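One structure is given below, encoded as structure tokens.
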Number of protein chains: 2
Amino acid sequence: MARSMHVRRPATLASLAAELGVSRTTVSNAYNRPDQLSPELRRRVLETARRLGYPGPDPVARSLRTRKAGAVGLLLTENLSYAFRDPAAVGFLEGLALACEDAGQGLLLVPANPEREDVAAVHRAGVDGFVVYSVPDDDPHLAAVLERPVPTVVCDQPELDTVDRVGIDDRAAITQIASHLIELGHRRVGVICMRLARDRNDGFVNAERQHNAHFHVQRARLEALATAFTSANVDWTSIPVVERFDHSIASGASAAAQLLDRDPQVTALICTSDILALGALGEARRRGLRVPQDLTITGFDGITESERAGLTTVRQPVLEKGRAAGKLLVNAADHHQPRTVTLSTELVIGTTSAPPRITEERWFGP
Amino acid sequence: MARSMHVRRPATLASLAAELGVSRTTVSNAYNRPDQLSPELRRRVLETARRLGYPGPDPVARSLRTRKAGAVGLLLTENLSYAFRDPAAVGFLEGLALACEDAGQGLLLVPANPEREDVAAVHRAGVDGFVVYSVPDDDPHLAAVLERPVPTVVCDQPELDTVDRVGIDDRAAITQIASHLIELGHRRVGVICMRLARDRNDGFVNAERQHNAHFHVQRARLEALATAFTSANVDWTSIPVVERFDHSIASGASAAAQLLDRDPQVTALICTSDILALGALGEARRRGLRVPQDLTITGFDGITESERAGLTTVRQPVLEKGRAAGKLLVNAADHHQPRTVTLSTELVIGTTSAPPRITEERWFGP
DNA sequence: ATGAAAGCGCTAACAG
DNA sequence: CTGTTAGCGCTTTCAT
């Protein structure tokens, strides 16, 4: 009979003890506290275990007893597999995995499909803590996590006053991009952003939607852009902002197309992620627009791919973010204040940004 | 008091029942079988729960009782974070995550550091089954998994007659590469392969080590290459094979360097992974060798990056592999035979392979 | 060095 | 629709 068919566990600690004529404690000790019994007895226990096909203490029963699951749960808003598509998310995962590995903890990816509002998976997760990575602030899965009596650390989320947090200063970071463009002379710009809420809206974003964005990171970036451009005497309400639900290169391309169709005069496209910027770059190329001579494009994240493309962007330490989140969780000390880790970012000026081309409008305009 | 400080669970199902003056069953039903009690009572239960801060049934206790953990364990031989570095592994993970998501199962990454032989994490994992991805056949973690009484599916592993399996026909796949090169006229080739065993050996590989390789996939590929070239009247023992422990672009580059230093006459470099091939490509470029005019280079996997590089390689459906593994596990039906899924591969002829340059040796040789 | 007792928190018959 | 009974398999004081 093949092993994959096993259905019931053949032996338990108790049956082993009975067989050996010793107490359950002794068998338990043989596994968990070798120093608590004679080497000889231990050897006998282990050998009998092998003979009876006893696979060692059941992990779940042990968890129940010890109140420790030995694993950290990760909640992502996207389809679970999304995480593996986005380089920034992969970097985060890698850092988190690193931290978990160091602590000997498993990492449980919780299947939290944003479509069905099925929170059960959160309730079902046998973990000692949760890391929540960039979900909308009104996500029911997040709420479910917060109800669980385990330590939690959120990442790229609004402050929650009850949980630890790790993130970057999104406003400051994107303000660097804005300042860079403003200095170069750009005034007529367009913005391409990731989804702002749980409902799909692939198109232009009005002021209200911008303001009510449920993704903290996106909202912070848009608000900071508004502030920066307003300070430069640009009417923010006149700046087209295009949103895309799916975070993909194709989305970036189609968003750029939509934006350029509506307002061919824009001299710069500010994208709130590198992935979107990469798509925009492709669309520009497709249209025969030279970057940066005809069009400036900027990103956000600093992923490897964008480095290769020479993208002007803000680099954020995604791996460190994951690692920091993991460490915070693992060292869930008896601190009585929620802790916050803010990582630093760095403006990377690549080859996709330059002063706007002098247009007729400029030469002959009013 | 911040939530991250909770240490003890304030209320249990029993205490809630007591408070309400109903039985535990009723409370349990309120959560698990809403149809088994009046809506009114259910409302009362849930509300009292909220009031008492009862977070719902403890997942671990429930798992113990139901004998279901709601998660699948993944065992990788590398450091847990390695998986996120290798595009092929990421693809596999994505497919597996997809399958898990579909089945509403969590995916637990088991921290199996190959350095320390600490098998405890495998014992500790509260999962309903395991997927084992490309570990050496003598890995103690694998042995530990096989001892656990849960269904298991291995991927890129030798047949085990006790567990389900998914993989490709590595021999056939790399034989296509070999035939391609042989047809082009290559006789003097070099091979760069991934690690063959648990011990580090960054250098040339002798026949014995080739034959005893503990990584099934690598061994199969080397053996198939030996067969193919032997059939073409090439003395396989004369063919240099360089091994690298770390699977990285840098490794590929250094391996290529080592090989070309030893035998500058080789006309083709066969790499057992795209990552290594990408490194070899870089090293060739660094040396001023034109690919494919001066040197042919081939890979294996068909990752996105290699497509961009125009690499001649064999494409294998990594995502499908993960998905197939997940499905096999989730549908751990009452089959009484271990099942095997063999996925198909496809030879991709890129721009990195061409006939060898006619050398003096050829023109004037014996 | 070993054992007895006492649950960890929950669910699943089954009976009312 | 609700309650009673009986564990799931294990660890952990506390004695001996």
Side-chain angles (χ1 to χ4, degrees), chain A residues 6-45 49 52-70 120 123-128 148-150, chain B residues 6-45 49 52-70 120 123-128 148-150:
Chain A
H6 283 184
V7 160
R8 24 128 242 198
R9 125 180 322 239
T12 71
L13 186 146
S15 69
L16 219 195
E19 169 84 17
L20 281 157
V22 302
S23 81
R24 303 202 294 286
T25 308
T26 300
V27 178
S28 176
N29 282 340
Y31 285 96
N32 304 315
R33 307 179 164 186
D35 51 314
Q36 295 297 294
L37 70 177
S38 66
E40 164 54 18
L41 177 55
R42 179 169 137 88
R43 207 193 43 66
R44 247 184 72 216
V45 172
L52 262 56
Y54 176 65
D58 179 285
V60 174
R62 168 189 272 158
S63 282
L64 175 58
R65 187 58 238 245
T66 61
R67 312 265 56 197
K68 238 123 212 50
H123 290 140
R124 216 181 283 281
V127 297
D128 299 325
R148 296 259 322 241
V150 293
Chain B
H6 283 184
V7 160
R8 25 129 242 195
R9 129 181 316 242
T12 71
L13 185 145
S15 71
L16 219 193
E19 169 84 16
L20 281 157
V22 302
S23 81
R24 303 202 293 284
T25 307
T26 300
V27 177
S28 177
N29 282 339
Y31 286 95
N32 303 315
R33 309 180 161 184
D35 52 313
Q36 295 296 297
L37 70 176
S38 67
E40 165 54 16
L41 177 54
R42 178 168 138 89
R43 208 194 42 66
R44 248 184 71 217
V45 172
L52 262 55
Y54 175 65
D58 179 287
V60 175
R62 169 189 272 158
S63 281
L64 175 58
R65 187 58 238 245
T66 60
R67 314 265 51 196
K68 237 119 212 51
H123 290 140
R124 215 181 285 281
V127 296
D128 299 324
R148 295 257 325 240
V150 294

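Naming convention: chains lettered A, B, ... in sequence-line order (proteins, then strands); numbering from 1 in each chain. Keep in mind that this is a model prediction, so the values were computed, not measured.
Rounded to an integer number of Å, the gap from Gln36(B) CD to dA13(C) P is 12 Å. Distance Arg44(A) CZ to dA1(C) P: 16 Å, rounded to the nearest Å. Note: NE2 (His123(B)) to C1' (dG9(D)) measures 16 Å, nearest angstrom. Protein atom NZ of Lys68(A) is 23 Å distant from nucleotide atom P of dG9(D), rounded to whole Å.
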Detail all sub-3.5 Å separations between protein N/O atoms and N/O atoms belonging to nucleotides 14-16 of chain C.
none

Quiz item: Once each nucleotide of nucleotides 11-16 of chain D is scored for protein heavy atoms under 4.0 Å, what B/S/- sequence comes out, 5' to 3'?
Solution: BB----
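Each salt bridge (charged side-chain N to carboxylate O under 4.0 Å, His left out) pair with one or both residues in residues 10-30 of chain B, not counting sequence neighbours, appears once here: Glu19(B)-Arg51(B).
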Practice problem: Show your reasoning for whether side-chain contact (heavy atoms from CB on, under 4.5 Å) applies to Val60(B) and Val60(A). | Solution: CA-CA 6 Å; Val60(B) 175; Val60(A) 174; 4.2 Å; yes
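For Asn29(A), the side-chain contact (heavy atoms from CB on, under 4.5 Å) partners at least two apart in sequence or on another chain are Thr25(A), Arg33(A), Gln36(A), Leu37(A). Annotation: side-chain contact (heavy atoms from CB on, under 4.5 Å) contacts of Ala18(B) (sequence neighbours excluded): none. Not counting sequence neighbours, Thr66(A) has no partner by the side-chain hydrogen bond (donor to acceptor under 3.5 Å, both in side chains) test. Looking at residues two or more places apart in sequence or on another chain, you find a side-chain hydrogen bond (donor to acceptor under 3.5 Å, both in side chains) between Thr26(B) and Ser23(B).
Comparing atom distances between the Leu64(A) side chain and each of dC10(D), dC8(C), dG3(D) picks out dC8(C) as nearest.
Distances shorter than 4.0 Å separate none of the side-chain N or O atoms of Tyr31(A) from OP1 or OP2 on dG9(D). The phosphate of dG3(D) has OP1 or OP2 within less than 4.0 Å of a side-chain N or O from Ser23(B).
Remark: Asp58(B) CG to Arg148(A) CZ distance equals 7.5 Å, nearest 0.5 Å. The CZ atom of Arg65(B) sits 10.0 Å away from atom CZ of Arg67(B), with the distance rounded to the nearest 0.5 Å.
Backbone-only contact: Leu37(B) has heavy atoms under 4.0 Å from sugar-phosphate atoms and none from a base. Across all strands, Val60(A) comes closer than 4.0 Å to no nucleic acid atom at all (heavy-atom distances).
Within 6.0 Å of CZ in Arg124(B) there are 12 or fewer heavy atoms belonging to other residues, nucleotides or ligands.
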